[in-house]
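Accompanying notes for the structure given below.
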Amino acid sequence: MVPTPLIGTPEALFFHSGSQEGFERYEPTLKALGGRHVFVGTDPGLAAVYDLSVLDFFYGGIAGLVHGYALATAEGVKAADIAPYLRDLVQILPPIADSTAAGIDAGSYPGGEANLAMMAAGVDHVLRAARRRGLDVSQLEAVKAMADRAVAKGHGADAWASTVEAVRGA
């Protein structure tokens, strides 16, 4: 789950699945690669599920990061000037990750102050601004379409986690 230069460092993360006995037997050898080794289950495909799910988030997030910089630089603002605020924003993600996971697992998405209809309107503002600057908006259009599908399914007052229903096609 890290680029090759981080193999052998504490930042490395490895998912393992399949034979738990095999994992336990070879865990000391695996630890020579550094980092954290997590056994996720006996189904041999589970390590790939974890890997792909985490990479799904990473690629969407890094694409959003680059797009945010493109929006700023289109107006003459240096990416480095926006970076501190993006770092601040990233700090709120851990509790959001936990509450979103809990909502998805429970199938309950209470919206509170940050409901989906409001956030979909926010995405629309960013989308219009990016279009006016001639930026590629394909990722934002996909995000907006997903949010709109969830709102159309009755989730406008729910949290962003409710978009999982649109992603699943439910």
Side-chain angles (χ1 to χ4, degrees), residues 1-18 33-41 43-75 77-105 109 114 116 119-151 153 155 158-170:
M1 291 306 315
V2 296
T4 52
L6 292 181
I7 303 291
T9 72
E11 290 80 23
L13 171 61
F14 299 87
F15 294 125
H16 303 276
S17 61
L33 297 170
R36 211 169 39 147
H37 294 265
V38 182
F39 183 77
V40 295
D43 179 332
L46 280 176
V49 170
Y50 277 68
D51 177 59
L52 294 173
S53 297
V54 172
L55 287 174
D56 185 345
F57 171 76
F58 175 75
Y59 292 133
I62 201 76
L65 174 73
V66 170
H67 199 278
Y69 285 146
L71 186 58
T73 59
E75 289 294 326
V77 176
K78 290 183 178 200
D81 292 339
I82 298 295
Y85 308 106
L86 293 176
R87 283 193 310 273
D88 288 346
L89 181 66
V90 169
Q91 298 303 313
I92 70 170
L93 290 179
I96 291 172
D98 294 341
S99 65
T100 299
I104 288 171
D105 287 346
Y109 320 107
L116 181 58
M119 288 200 260
V123 173
D124 196 46
H125 293 305
V126 177
L127 186 55
R128 286 195 312 252
R131 279 189 184 122
R132 282 194 300 271
R133 285 148 184 89
L135 301 177
D136 179 321
V137 294
S138 55
Q139 182 183 19
L140 287 169
E141 286 174 334
V143 170
K144 179 72 165 97
M146 177 189 61
D148 288 347
R149 285 193 313 275
V151 169
K153 290 177 177 281
H155 294 287
D158 292 338
W160 188 270
S162 66
T163 60
V164 73
E165 302 297 341
V167 171
R168 290 176 177 156

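Quick note: numbers below take in every heavy atom, side chains included, and nothing from hydrogens, waters or symmetry partners. Just so you know, these numbers come straight off a predicted model, no measurement behind them.
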Report the distance from atom [atom1] of [X] to atom [atom2] of [Y], rounding to the nearest 0.5 Å.
X: Glu11; Y: Leu6; atom1: CD; atom2: CG; answer: 6.0 Å
X: Leu93; Y: Thr100; atom1: CG; atom2: OG1; answer: 9.5 Å
X: Asp81; Y: Thr73; atom1: CG; atom2: OG1; answer: 11.0 Å
X: Arg132; Y: Leu127; atom1: CZ; atom2: CG; answer: 10.0 Å
X: Leu13; Y: Asp51; atom1: CG; atom2: CG; answer: 9.0 Å
X: Arg131; Y: Asp136; atom1: CZ; atom2: CG; answer: 11.0 Å

Which heavy-atom pair separates [X] from [Y] by the least distance, and what is that distance?
X: Gln139; Y: Gly64; result: OE1-N, 3.6 Å
X: His67; Y: Ala130; result: CE1-CB, 3.7 Å
X: Ala150; Y: Ser162; result: CB-O, 4.1 Å
X: Ala47; Y: Ser17; result: N-OG, 3.0 Å
X: Ala79; Y: Tyr69; result: O-CE2, 3.3 Å

- prompt: Between the side chain of Thr163 and the main-chain N/O of Ala147, is any donor-acceptor distance below 3.5 Å?
  reply: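 Side chain of Thr163 to backbone of Ala147, a donor-acceptor pair under 3.5 Å: no, none is there.
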Any heavy-atom pair between the side chains of [Y] and [X] that's under 4.5 Å?
X: Glu141; Y: Lys144; value: no
X: Arg168; Y: Ile104; value: yes
X: Ile7; Y: Phe14; value: yes
X: Asp56; Y: Leu52; value: no

query: Can Ile96 and Trp160 be said to form a side-chain contact (heavy atoms from CB on, under 4.5 Å), step by step?
result: CA-CA 10 Å; Ile96 291 172; Trp160 188 270; over 6 Å; no
- request: Verify the neighbour count for atom OH of Tyr50: are there more than 12 heavy atoms of other residues, nucleotides or ligands below 6.0 Å?
  value: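 Not more than 12 within 6.0 Å, no.
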message: Around atom CZ of Arg128, are there more than 12 heavy atoms from other residues, nucleotides or ligands closer than 6.0 Å?
response: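 Yes, enclosed.
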